[in-house]
Novice: 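The following block contains the structure, expressed as structure tokens.
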Amino acid sequence: MTQATTEATVPYEEALAAYDPVLGLEVHVELNTATKMFCGCATTFGAQPNSQVCPVCLGLPGALPVVNEKGVESAIRIGLALNCEIAPWCRFARKNYFYPDMPKNFQTSQYDEPIAFDGHLDVELDDGTTYRVLIERAHMEEDTGKSTHVGGATGRIHGATHSLVDYNRAGIPLIEIVTKPMVGAGERAPEIARAYVATLRDLLAALGVSDVRMEQGSMRCDVNLSLMPTGADRFGTRSETKNVNSLRSVERAVRFEIQRHAAILASGGSVTQETRHWHEDTGITTSGREKSDAEDYRYFPEPDLVPIAPAADWVERLRESLPEPPAARRRRLQGEWGYADLEMRDVVNAGLLDLIEETVAAGASPAGARKWWSGEIARRANADGRDVPAYAAAPRRDPRPCGGVGVVGHQRPTQ
Ligand code: ADP
Ligand code: MG
Ligand code: ZN
């Protein structure tokens with residue numbers, strides 16, 4: 001049984017007339033490395049439950065982790081693409097808490113020493129203007145296992161008869177990308193949130209570091225939102241809506257939380273700092289758990305892993321080899337091919353940029369390549385029983401070979 005929860009809201013325009021929204025987004029992205037972050041287990045999606053596990057990712061006594069160099073490389077490339085500083089020296093940290101899908105009883109993460117920090121990402125909005133999202137940090141961590149609650153009507157633990165745990169996902173490398181609080185977005189906060197996640201997804205796809213499939217959970221977004229009275233300079237209390245798993249849901253969740261917070265504040269109440277669940281079907285959020293402060297996790301530096309000290313020349317080589325940012329590439333190709341805005345949008349949505357680029361390079365005319373591929377992708381999607389965007393959303397892998405450069409160092413550099 002789900003508890004029948006109705007959350008009071010006020011109309012969106014009314015909320016915006018009285019309050020300024022403050023928005024913060026945390027995006028978890030699963031890297032597409034062949035093996036896990038601290039052991040050699042495979043990361044294949046959809047494998048037989050508990051077939052991709054070992055003493056390290058099961059947290060058995062005495063097992064020792066080793067850092068996946070490719071994971072560190074991807075983290076640095078993501079940090080660079082987000083215009084971040086790359087830490088010359090940083091460590092992993094233990095985030096201690098109990099959860100059945102986390103066999104070690106701590107998550108190996110980073111705390112006050114993230115590998116990348118202080119960046120930004122420029123996001124194009126529907127009206128052609130740009131909003132600069134400031135990035136607080138991008139840090140390395142590992143995913144947890146996956147619980148399945150069986151026997152209830154909803155798949156949630158409430159009402160289930162028993163639960164199953166699959167540890168295949170435990171230890172898969174994750175990068176958590178955290179924005180600074182976004183202020184001044186006003187009524188465009190929901191649109192900015194969606195555009196940011198979309199821009200980030202395109203960037204990560206271009207980097208080839210992740211499958212970035214929100215519906216499969218390889219990219220997940222937590223939406224932090226608070227309101228403050230118009231013109232105020234102190235932030236209000238935030239809610240954190242967890243695991244919002246589509247672009248459209250990100251936009252809707254921000255909008256809903258603005259309306260819900262406004263109803264609480266307008267009636268003289270105070271917002272509870274808590275996590276919330278997003279309900280795709282009804283478009284509302286419901287209360288999750290009261291949020292721990294960082295102290296409760298008793299973070300401390302991970303004693304079983306050496307610090308990460310990426311060599312400066314390695315970082316520079318990674319910087320030089322970054323791909324052209326997707327938005328810049330789209331503008332360049334549209335100019336070169338002479339496509340109208342609408343034609344370009346269809347081509348992008350159908351995932352045809354690479355194919356048309358190759359076809360033109362092989363001698364076809366841009367107009368001819370567009371017409372042929374548009375027809376072909378529609379035909380294939382139809383044969384597959386899907387619409388074109390769904391058909392086009394195929395995973396991409398980083399085609400470059402694994403870098404063989406030393407990453408770890410034992411010495412903190414003298415400053
Ligand atoms: P936590 O560990 O609680 O998830 P993080 O630092 O990882 O905290 O992320 C918090 C996110 O919430 C960041 O994106 C931050 O910018 C944002 N944030 C912090 N304070 C507020 C606030 N008052 N209103 C809205 N967003 C906030
Ligand atoms: Mg967080
Ligand atoms: Zn393992």
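All ligand and atom numbering here is 1-based and tracks the order in the structure.
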Novice: Is it true that the side chains of Thr144 and Gln107 contain a donor and an acceptor less than 3.5 Å apart?
Specialist: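 No donor-acceptor contact under 3.5 Å links the two side chains.
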Novice: Considering only heavy atoms of Glu176, which atoms of ligand 1 have at least one such atom less than 4.0 Å away?
Specialist: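 Near Glu176, meaning under 4.0 Å from one of its heavy atoms, ligand 1 has 7 (O).
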Novice: State if Glu136 counts as touching ligand 1 under the rule of any non-hydrogen atom under 4.0 Å.
Specialist: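 Contact check Glu136 vs ligand 1: negative.
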Novice: Taking the Zn ion (ligand 3) as the center, what protein N, O or S atoms are found at less than 2.8 Å?
Specialist: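 Near the Zn ion (ligand 3), the protein supplies Cys39 SG, Cys41 SG, Cys54 SG, Cys57 SG.
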Novice: Measure the spacing between CE of Met102 and CG of Asn105 and express it to the nearest 0.5 Å.
Specialist: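 So the CE of Met102 and the CG of Asn105 are separated by 6.0 Å.
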Novice: Is there a side-chain contact between Val27 and Tyr196 (heavy atoms, below 4.5 Å)?
Specialist: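 SC-SC contact between Val27 and Tyr196 confirmed.
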Novice: Report the distance from atom CH2 of Trp337 to atom CD1 of Ile356, rounding to the nearest 0.5 Å.
Specialist: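 Answer for the CH2-CD1 pair, Trp337 versus Ile356, is 5.5 Å.
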Novice: Which of the atoms of ligand 1 are close to Glu26, meaning less than 4.0 Å from one of its heavy atoms?
Specialist: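 In order of numbering, the contacting atoms are 4 (O), 5 (P), 7 (O), 9 (O), 10 (C), 11 (C).
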Novice: Which atoms of ligand 1 have any heavy atom of Gly24 under 4.0 Å away?
Specialist: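 Within the 4.0 Å cut-off of Gly24, ligand 1 contributes 14 (O), 17 (C), 26 (N).
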Novice: Taking distance alone, with no angle check, do Pro181 and ligand 1 share an N/O pair under 3.5 Å?
Specialist: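 Yes, there is a polar N/O contact under 3.5 Å.
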Novice: Answer whether the closest heavy-atom distance between the side chains of Thr285 and Trp278 falls below 4.5 Å.
Specialist: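 Contact flag for Thr285/Trp278 side chains = yes.
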Novice: Judged by non-hydrogen atoms, does Glu240 sit under 4.0 Å from ligand 1?
Specialist: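 Within the 4.0 Å threshold, so yes.
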Novice: Counting only heavy atoms, which portion of Thr179 has something under 4.0 Å from ligand 1: side chain, backbone, both, or neither?
Specialist: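 Contact part for Thr179 vs ligand 1: both backbone and side chain.
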Novice: Side chain, backbone, both or neither: which applies to Leu25 and ligand 1 if a contact is any heavy-atom pair less than 4.0 Å apart?
Specialist: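 It is the backbone that touches ligand 1; the side chain stays farther off.
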Novice: Distance check, rounded to the nearest 0.5 Å: His120 atom NE2 versus Leu134 atom CG?
Specialist: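 If we round to the nearest 0.5 Å, His120:NE2 and Leu134:CG are 8.5 Å apart.
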Novice: Are any of the side-chain nitrogens in Asp143 or Arg220 under 4.0 Å away from the carboxylate oxygens of its partner?
Specialist: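 Yes, charged N to carboxylate O under 4.0 Å.
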Novice: Using a strict 4.0 Å threshold on nitrogen-to-oxygen distance, state whether Arg252 and Glu280 make a salt bridge.
Specialist: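 Glu280 and Arg252: salt-bridged.
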Novice: Measure from atom 18 (N) of ligand 1 to every heavy atom in Arg238, Lys180, His139, Met228 and give the option owning the shortest one.
Specialist: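 Answer by nearest heavy atom: Arg238.
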Novice: Would Lys95 and Glu141 pass as an ion pair if we require N to O under 4.0 Å?
Specialist: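 Result for this pair is no, no salt bridge flagged.
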Novice: Determine all donor-acceptor pairs shorter than 3.5 Å in which one atom belongs to a side chain in residues 44-54; sequence neighbours excluded.
Specialist:
| unit_1 | atom_1 | unit_2 | atom_2 | d |
| --- | --- | --- | --- | --- |
| Thr44 | OG1 | Gln52 | OE1 | 3.4 |
| Asn50 | OD1 | Tyr167 | N | 2.7 |
| Asn50 | ND2 | Val165 | O | 3.0 |
| Ser51 | OG | Gln48 | O | 2.6 |
| Gln52 | NE2 | Ala42 | O | 3.4 |
| Gln52 | NE2 | Thr44 | O | 3.2 |

Novice: Does any N or O atom in Arg137 lie less than 3.5 angstrom from one in ligand 1, N or O only?
Specialist: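 Indeed, backbone or side chain, Arg137 has an N or O that close.
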Novice: With the threshold set at under 4.0 angstrom, would you say Lys242 reaches ligand 1 through any of its heavy atoms?
Specialist: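 No, Lys242 has no heavy atom closer than 4.0 Å to ligand 1.
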Novice: Quick one: which of Leu225, Asn224, Val27, Val178 has a heavy atom closest to atom 12 (O) of ligand 1?
Specialist: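 Comparing heavy atoms across Leu225, Asn224, Val27, Val178, the nearest one to atom 12 (O) of ligand 1 lies in Asn224.
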Novice: Any salt bridge between Arg317 and Asp313, counting N to O under 4.0 Å?
Specialist: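 So Arg317 pairs with Asp313 through a salt bridge.
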Novice: Between Gly236 and ligand 1, is there a nitrogen or oxygen pair with a distance under 3.5 Å?
Specialist: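 Yes; at least one N/O pair falls below 3.5 Å.
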Novice: Is the NZ or CZ atom of Arg188 positioned over Tyr131's six-membered ring, under 6.0 angstrom from the centre and within 45° of the axis?
Specialist: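 Because its charged atom misses either the 6.0 Å distance or the 45° angle limit, Arg188 does not stack over Tyr131.
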